[in-house]
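So the structure is just underneath, and the comments pick up after that.
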Amino acid sequence: MPEPNVVSWTSLMAGYVVAGQAGLALGMYVKMLETSVKPNDFTVSTVVKACSILAELEAGKKIHAHAEVMGYGTDLVVCSSLVCMYGYCNDVNGARSVFDSMDHRNIVTWTSMIAAYAQNGRGSEALEVFRLFNSMVRVRANDFMLASVISACSSLGKLVAGRASHGAVIRGGHEVNDVVTSTLVDMYGKSGCFDYSWKIFKRIPNPSVVEYTSIIVGASKYGLGKLSIELFEEMVERGVNPNDVTFVGVLHGCSHSGLVDEGLGFLNSMLEKHGVEPEAKHYTCVVDMYCRVGRLDEAHKLAKSIHVENPAEGALLWGTLLSASRLHGRVDIAQEASRRLIESNQQVAGAYVTLSNACASTGEWEIAHGLRSQMKQAGVVKDPGCSWVEIRDSTFVFHAGDLSFERGEDVLRLLRELEGRMKERGYAGGSLGLVFFEVEQEAKEEIVSLHSERLALAFALIVIPKGITIRVMKNLRMCKDCHEAFKAISGIVERDFIVRDVNRFHHFRDGSCSCGDFW
DNA sequence: TTAGGGTTAG
């Protein structure tokens, strides 16, 4: 074209974006600025989208500034694209400030804001914006918005809100939308209702890779490793190609069900059979797999050989090994793992605490105390974790060892009783977290170091009236045996409430029982 | 010629 105009330039950039060449779209924008053709609002929205895809925050900010100067700072579409861009680049506050600055918003703007929160692990704020949308806007949420809302519910384990959103999906006729169904499969799986997940999944005529992956991840988290392998095989047979996330899902399943050989088989088949290059996250699953069956040295050897792309990836890898070494009393490996975490400035507080606990568990009290002092001196503070349980509309939060809540005494009494009965039946002591320490040579003092999850569970057992079905996750950091014993003793058959941990779905972590057994 | 959604290991 002898004289491309603004529409020609913008079309070309939009074409690059569609074709997955967002970098080239940005390059074209730079070229365009060298000509006499001025960008318009359409151009700006397009390049902002390119920045979103590339997660290029700095470029995005420059374009944002430029847009303000050119007078597009109040345009609805430009602003919506900016909200989305800041969200994709993990600058949620940036997204919110654009959102707040807008005089007019439409459903796309609202959805972008909700998604920005949901994608950045800020589910409660996502739901808060959704509530605001419902109170301010007379338009009904559509499939795009509901997908983000349901995703926020699953990250929070909010089954009540998730069910309500499912209702909105049905009323709006969005059940056929595959993005929506995959969020539902995921949400029910993460909220303790695998049977619902399964029902929804089974009704999908031709599940996509994401829908298959969601159900595989769900099965894996439930300790149904064999089922997750069967689902994987079924999807391959049906010609659906697994992706990197799918492999994380099956490897996770193998790891949590003690299927080491099967897991290694999957790792080795990834590239050859399925064209998916194994990454650090896949090797991390395998490290976890070795750890759960007590093969710490192999896990350690593998961890050392893995190339990590960034500190966060390394933190996941070494954090896995660190907690397993603590559980197995391998102070040597724990020391190396925590050193690596601290040096890379990742989860520093957690690394100190876990190493200190590892030393304490092998009786090296002086080192354990020394590490705590070091933390104090360095001003490193560990945020206490918590668990919570939703009963009807209320949420009850619990912290480890803290009994200062209503009916705290009753909870302690119940746990003592259950613990006593488990011991009578020959299960290892400490399985409910009541630990006895030698204090001052002779006196034995009971120190309550109850896990927050168990407080939440016991509280629910007391508060939920008899006659209501109680369902318990295969969880609570118990091995299979202790879990079965606990279920039998406490008379729990099924569950109707869920105990949540702040570290997302901690309680699914079977295989790491405090009795020390692995399976 | 423009903006929005899903699955991921400790």
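Sequence lines set the chain letters: A, B, ... in the order given, protein chains first and strands last, and positions in each chain run from 1. Quick caveat: nothing in here was measured; it's all calculated off a predicted structure.
Here B:dG5 presents its C1' atom at 15 Å from CG of A:L127, a figure rounded to the nearest Å. One interatomic measurement links the two molecules: CG of A:L251 to P of B:dG10, which rounds to 11 Å at whole-angstrom precision. Following rounding to the nearest Å, A:I107 (CD1) and B:dG4 (P) show an atom-to-atom distance of 14 Å. Distance, A:M85 CE to B:dG5 P: 14 Å, rounded to whole Å. Look at OH on A:Y86: it is 18 Å from P on B:dA3, rounded to the nearest Å. If you take CZ of A:R140 and P of B:dG5, they are 23 Å apart, rounded to a whole angstrom. We find that NZ of A:K281 is positioned 11 Å from P of B:dT8, with the value rounded to whole Å. Whole-Å rounding puts the A:N310 CG to B:dT8 C1' distance at 14 Å.
A:T246 comes within 4.0 angstrom of nothing in the nucleic acid, heavy atoms only. Within 4.0 Å (heavy atoms only), A:N5 reaches no atom of the nucleic acid at all. Across all strands shown, A:N40 has heavy atoms under 4.0 Å from base atoms, whether or not it also approaches the sugar-phosphate. Here A:Q119 lies in heavy-atom contact (under 4.0 Å) with sugar-phosphate atoms only. Within the nucleic acid shown, A:L322 has no heavy atom closer than 4.0 Å to any nucleic acid atom. Within 4.0 Å (heavy atoms only), A:D41 reaches at least one base atom of the nucleic acid. Counting non-hydrogen atoms under 4.0 angstrom, A:V180 reaches a base of the nucleic acid. Residue contacts for A:Y72: at a heavy-atom cut-off of 4.0 Å it reaches no nucleic acid atom on any strand shown. Across all strands, A:D75 comes closer than 4.0 Å to no nucleic acid atom at all (heavy-atom distances).
Checked by distance alone, A:N177 brings a side-chain donor or acceptor within 3.5 Å of a matching partner on the base of B:dG5. Between the base of B:dG4 and the side chain of A:S112 there is no donor-acceptor pair shorter than 3.5 Å. With hydrogens and angles left out, the side chain of A:S148 and the base of B:dG5 share no donor-acceptor pair within 3.5 Å. With hydrogens and angles ignored, a donor-acceptor pair under 3.5 angstrom links the side chain of A:Q347 to the base of B:dG10.
Applying side-chain contact (heavy atoms from CB on, under 4.5 Å) to A:S52 and the options A:S81, A:S112, A:C84 leaves one that passes, A:C84.
Comparing B:dA3, B:dG5, B:dT8 against the side chain of A:V217 picks out B:dT8 as the nearest. Side-chain proximity of A:T10 to B:dG4, B:dG5, B:dT1: nearest is B:dT1. The nucleotide whose nearest atom lies closest to any side-chain atom of A:V248 is, among B:dA9, B:dG4, B:dG10, B:dA9. Closest approach to the A:L76 side chain among B:dA3, B:dG5, B:dG6 is made by B:dA3 (side chain taken as heavy atoms from C-beta onward). Side-chain atoms of A:S214 lie closest to B:dT7 of the nucleotides B:dA3, B:dT7, B:dT1. Closest to the side chain of A:S151, out of B:dA3, B:dT2, B:dT7, is B:dT7. Here the side chain of A:S45 is nearest to one of B:dG6, B:dT2, B:dG10, namely B:dT2. For A:F144, whose side chain is taken as the heavy atoms from C-beta onward, the closest listed nucleotide among B:dG10, B:dG5, B:dT2 is B:dG5. The A:E211 side chain lies nearest to B:dG6 when the options are B:dG10, B:dG6, B:dA3.
Close to B:dG10, at under 4.0 Å from its OP1 or OP2, lies a side-chain N or O of A:H256. Residue A:H174 has no polar side-chain atom (N or O) positioned under 4.0 Å from OP1 or OP2 of B:dG5. The shortest distance between the side-chain N/O atoms of A:R326 and the OP1/OP2 oxygens of B:dG10 is not below 4.0 Å.
The aromatic rings of A:H252 and A:H256 sit tilted, their planes meeting at an angle between 30° and 60°.
For the atom pair CG of A:L54 and OH of A:Y88, the computed distance is 11.5 Å after rounding to the nearest 0.5 Å. Atom CD1 of A:I215 and atom CE of A:M235 lie 12.5 Å apart (nearest 0.5 Å).
Taking the six-membered ring for Trp and the full ring otherwise, the centers of A:F266 and A:H274 sit at least 6.0 Å from each other. For an aromatic pair to be called close, the ring centres must be under 6.0 Å apart, and A:Y290 with A:H300 fails this.
Under the 3.5 Å distance criterion, with hydrogens and angles disregarded, no donor-acceptor pair is assigned to the side chains of A:D100 and A:S97.
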